Each structure stands twice: as structure tokens, then as C-alpha cells.
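What follows is a single structure, written as C-alpha cells, with notes after it.
The residues of the chain are indexed from 1 along the displayed sequence. Everything numeric in this text was worked out from a predicted model, so none of it was measured.
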Amino acid sequence: MQDYILDTKNISYQPAGQFEETRFEKIHNVIFDDSNTASITVAQEIAQLIIAKQLKKETCVLGLATGSSPIKVYEELVRMHHEEGLSFENVITFNLDEYFPMDKDSIHSYYYFMHEHLFNHIDILPENVHIPDGTVESDEAYQYCIDYEMQIKKAGGLDFQLLGIGRTGHIGFNEPGSHLNSGTRSITLDHVTRADAAPSFLGIENVPRKAITMGISTIQKAKRVVLLAWGINKAHVLKETIEGEISSSVPATYLQLHSNTTFILDKEASSELTRVKTPWLVSSCIWTEDLKRKAVVWLSETLKKSVLKLTDKDYNDNGMSGLLVEEGTAYDLNIKMFNKLQHTISGWPGGKPNADDTNRPERSDPAKKRVIIFSPHPDDDVISMGGTFDRLVEQGHEVHIAYQTSGNIAVSDEEALKFAEVNKLLSSKSNSADAIIKSIQTKEKNSIDSIEVRKLKGLIRRSESLAATRYVGLTDENVHFLDLPFYETGTIKKNKLGEQDVDIMCDLIKKVKPHQIYAAGDLADPHGTHRVCLDALFVALEKLKPQKFMNDCWVWLYRGAWHEWETYEIDMAVPMSPDQVLKKRHAIFYHQSQKDGVMFQGDDSREFWVRVEDRNRLTAKKYNDLGLADYAAIEAFKRYHY
């Protein structure tokens, strides 16, 4: 029987042999511009399979995944059910895994997740839904797992298995060390997996240590496997999985042995693949200016030589002979690229007045610009671009800070209780303080905060933000708290971006009529808020594009505490002196509720101010290693063209 994979252009099937893989890749993969388009395409493949089975009067057995990766796939399947009549009456599903122990009614259970995102909205028969039971007794778990395997076998095996991938390389919850022949079983979760789940559970201490998961062998028996991966934080493990050797230390590499597997990636997730990161090592290239800069920076960093010291031999030995054919000599190319990199550096982020701006990242006119800095949470502004923020204010620009969300969920109960108790001491007759204290003290584990508690936590973040912006020299009237509605759920899971969110963004932009907008460009934010806030800006920009003032508005994207732009991606590098680094640190310190035990730490134990200082120093070092000036620290920005 012919194995089939997706034709991503026509959304139909083509024989696998029509796709040419590079010599580095051992698993077929398709790269999409964005995860939404990719998810819709995968949903269409699933729908086609269901319909094909219906025509044959056969059941369709689906293996399903949870997590953020498949959410849009499920949304599209639900849409197709309601708008196109796609029926799931012939579908039998088996979910990959479940935390153990875990009550079905918990908002953290995969039982809850699947019903919330799919099963409650389609016509699947309840008896056809199978999700590992997180409430089974420990001494019965072994037999339960055997029975789960037998149920899959009795259904005829998996026709289609949908997967995500963890940063440990796990599929399902098959953590490093899992064997190729492993079946459904209970397993102990890796620390990295628990750290990644920590935001949803409001702390790693609340994340279960065990899970029930389908085994590698179970997954391998599926007739078709599709793995979804979005975001830059998955890029390294995907390179290992697709290009590395098969190893139990990266369980997803076992999929190299599967004859009908496709990885569906967005651009960020594919960024470490050889054909994406260093395409000149794969085949001849069309040498765009961006690719030239990328190649020269890569060569300099790889050989640990400054740009101006690279030789013809260096280029020829590293697959870039074609580049030299276009550019002439290494000497000419080096000077050209050195100047391009040099011109990204500017101590005048708002443009230098009365100066030749031909080779500067920003315009000199108007000399005094109106600026909006969009900050997803009430501390991203000073964490990510505190030095640039300070420079813009110092150089006399009209700066506005817009905090897009309240950030209330990131305030711990202990911090809120402290403020409520102080409020009670100041006003002993305060009934609201009593209610808040009682609500916090009687709160059940992992339950949602009351509206009063969320309001207090939001006010804590707000007062910290005002303290930090005053320290930098901004007046309170230029600080805007947008409190976008999508965020206000009281849980990690947010609502979809809505029209009201976009309208709030548009209203502020129309009011200020900015020459510059700064926004968080983190497309792989661990808890999603940065991505939604960025999408809100993108939609607002598209909506406002016809407005005349938008012709003079430039958009600069910064990165958060988690990642930095690659050196070749940077369009503006703002250097900081040691004094400015210290001032930025003090501005961050005003956000006391986010210091000493921040709730969304991830698997990096450093506090945010330490992370960002290390990152800014590293960016400066990278510039210096390329042969450019030696600065204490650099904040980096990429221009977004809308």
C-alpha cells in the first residue's frame, strides 16, 4: 500500500516520493508560515480520513494529543462539524496520556481539556471516547494500562496519531530513557516537563510527578503519524529529532523508524534545521542581502574570527563559494557586512536630531517623536527594553507606556495576603479586606481567584508599574493600563483575542498617533500572553493602516526575558553603559511581587533581572566578537514592516 502525505499547496494527498528531503533530514517535515494555517491543513487531513472511512462504512480510530499545539486543529474540526456537516459518529478516539493522579473534573486534567476543546462540541458517541484514567488505584494501574492497549487493538489499531513534542524530546509522556518496545504504562515525569507545565498549575510544586502514557511501540503501530510543533523553544529538540541519531535520550527520534510520519512546523520551530539555518550547506542559494548577513555572522561565530579577518578559504571551506562568486573577494564582502552590522548600533533609538540618518536605524526627523511602548505584562517594558526606555525619555521624546494586561495571575497568594492585611491594619473597618483575606485563606488548591482577589493582585502590579515608570522619569498621565479582556479569566488559559481587545489597542494608537511603536516580539512565550498581545497589535496595525498618520509610524519588536534576536536579525542595537545597566536593574526591582520566587520561572532558576542582564551582556559580547565596539550591554530590536 502506498504511503501518503499532505500536499500542503493543494491540501490533498501526494505520494511521499514526490518530496525531496535534504541529506541531513531523516523525518519528512513541512514548514508553514504560521501555526494557524498548518493546523487547518492537518484538520483537513483528519476530516478527509474520517469521510473516506465513512464511505467504506468503517470506523476511524484516532490517537489524540493535548497541550497547546493541537488546539487550533480541534477548533477547525469543530468548525467543520458545525458549518460543513462533518460527522464523528464513526470515530473512536484514544488519548495519548493523562497526569496521575488526576481527577477528571480538574481543569488541569486532559479529560477536561479534550471535552472543553473537542468532545463537547461534536457528535462523537461517548462510548467511543477513551482517555487514560488518572483516578485508577496505583495497584491497579499496571492491569489498567494493559487493558488500554487491548482496547486499541480491539478497535483495529490507530489509523491516525496526532502528536506534540516536549523539550525533552518526549512524545506522549515517553520521557528520555523510554524503550522502543514500550507499551501503555505509568511513568515518572522529567523535571523539564514539569517545569514547562508549571505555569498552568501555578507552580511546579503543584504539577503531578507521574502520568499514564501510550508507549513508543503503541505510537509506532499507528498507520499515520503527524507531529505538530510551534515556536522557537522547540527548535533545538526538533533539529535533534529530525537530523540526529536514534536515541532513547530523545524518544521522538524513534519516529525515524516510522514509514508514514510527517512533522508539521511553523517557521520558528524549524529555525535550527540545517536547510533553514545554514541553507548554503545543503544546496546552492539565492543570495539575498539578509541571507548574506546571516551567512557572514554564522561563519564569524563558527570560526571564532572577527568579520574583517575572514578569508576566501574560510568561505570556500564552508559552502559559500557561490557567495564569493557574487561578491568578488572576502575582503570586499567583509567590509560590506561589517558596515551593515556597524550601522545597526545607535545610542539614539528615537533618531539623532540634525544628523545624517542614511546609515542609522531610525530617522532623524521629527527630532521629538511620539512613542508607544506596548508591554504585555506590567514589567516587560523595563525587563526587555529598560535601557532604551530610559534613553527615549532622557532624549526628550513623548513616551507612552501601555500595559496590555493586568498581570494579576502572576501575583502569588502570599503577596496578595500581605497587602490585604496591611490594608486591614490601616482601616480596621474594611469589609473588603476581610473578604479578600478569607477568600485567599480558604482557597482550594489550584482554584480560580475571586474577582476581589484578582482586582487586588492587579492593583499590586499597577502600583509597581507606576513606581518603575516614575523612576525612569515618566509622568503618570503617559502610563496606560489597557486591561485587555482576553486575559481576565483568572486562569492560565485565556480567552481568544476579541474585537474589544483590538479596539482598545486601536483607540490608544489613534489617540497618540505615534512615530514609533515598541512591542514584545516573543513568538514562543511560555504562557502565551505575549503572543496574543502581539497578535492584537498586528490586527490593530492592519485595521489602522489606511490612516494617514500610520505612514510615519515604525514598529520595533523586542524580545522578553526568554530569548534574544539572533545577531543577524537585529536592525537596531542600543548600547548601554554600566550606569544604565544598574538603572535598568533598579527599575526592575520596583516590581517586587515578581522578585524572589516569581511564579513563572520555567526551568531557569535565575531571577528575571539576572537573566536579562546576562542576555544583554551576551549580545554586546557577540557584537564585540564580530569585531565591533565593546559595550557593557546591548538591547536589540527588529523592525516589523506592516
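Looking at every heavy atom in both residues, Ala295 comes nearest to Met320 through O-CE, 3.5 Å. Across all non-hydrogen atoms, the minimal contact from Ala47 to Leu86 is CB-CD2, 3.8 Å.
Around the OH atom of Tyr331, the shell of radius 6.0 Å holds no more than 12 heavy atoms that belong to other residues, nucleotides or ligands. Residue Lys267 qualifies as open at atom NZ: its count of foreign heavy atoms under 6.0 Å is 12 or below. The environment of NZ in Lys543 is crowded: more than 12 heavy-atom neighbours from other residues, nucleotides or ligands sit within 6.0 Å.
Expressed to the nearest 0.5 Å, how far CG of Asp630 lies from CG of Leu628 amounts to 10.5 Å. Between the OG1 atom in Thr529 and the CD atom in Gln404 there is a gap of 10.0 Å [rounded to 0.5 Å]. Considering CG of Leu77 and CD1 of Ile50, their distance stands at 6.5 Å, rounded to 0.5 Å. With values rounded to the nearest 0.5 angstrom, Lys294 atom NZ is found 10.0 Å from Trp287 atom CH2. Taking CD1 of Ile264 as the reference point, atom NE2 of His28 lies at 7.5 Å (rounded to 0.5 Å). The CZ atom of Phe160 sits 9.0 Å away from atom SG of Cys60, with the distance rounded to the nearest 0.5 Å.
Evaluated for a ring-ring contact (aromatic ring centres under 6.0 Å, His included) with Tyr640, the options Phe538, Trp556, Phe374 yield exactly one hit, Phe538. Only one option out of Lys239, Glu243, Gln256 pairs with Glu25 in a side-chain contact (heavy atoms from CB on, under 4.5 Å); it is Glu243.
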Original post:
Yes or no on side-chain contact (heavy atoms from CB on, under 4.5 Å) for Thr184 and Met214, after CA distance, side-chain angles and deciding distance?
Top reply: CA-CA 4 Å; Thr184 301; Met214 279 190 201; 4.1 Å; yes
Original post:
Can you list the steps and then say if Leu341 with Val296 is a side-chain contact (heavy atoms from CB on, under 4.5 Å)?
Top reply: CA-CA 11 Å; Leu341 293 164; Val296 172; 5.7 Å; no
Original post:
Does the side chain to side chain donor-acceptor pair (under 3.5 Å) test come out yes or no for Arg185 and Ser178, once each step is laid out?
Top reply: CA-CA 11 Å; Arg185 67 202 186 285; Ser178 295; 2.9 Å; yes
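Listed for the Glu564 side chain is no donor-acceptor partner under 3.5 Å among the backbone atoms of Thr619. Between the side chain of Ser384 and the backbone N or O of Arg559, at least one donor-acceptor pair lies under 3.5 Å. Side chain of Lys234 to main chain of Ile165: a donor-acceptor pair is present (N/O by atom type, distance under 3.5 Å, no hydrogens or angles). A donor-acceptor pair under 3.5 Å links the side-chain atoms of Asp266 to the main chain of Gly231, judged by distance alone. Thr344 places no side-chain N or O within donor-acceptor distance of the main-chain N or O of Asp571, the cut-off being under 3.5 Å.
The pair Lys277-Glu566 does not count as a salt bridge, with every side-chain nitrogen at least 4.0 angstrom from each carboxylate oxygen. Salt-bridge formation is detected for the pair Lys26/Glu245: a Lys NZ or Arg NE/NH1/NH2 atom is positioned less than 4.0 Å from an Asp or Glu carboxylate oxygen. Comment: Asp332 does not engage Lys292 in a salt bridge, judged by the lack of any side-chain N to carboxylate O separation of less than 4.0 angstrom. Taking the charged nitrogens against the carboxylate oxygens, Arg617 and Glu613 do have a contact shorter than 4.0 Å, which makes a salt bridge.
Within the 4.5 Å cutoff, the side chain of Pro349 has heavy atoms near those of the Met572 side chain.
Aromatic ring centres of Tyr518 and Tyr558 lie farther apart than the 6.0 Å criterion allows.
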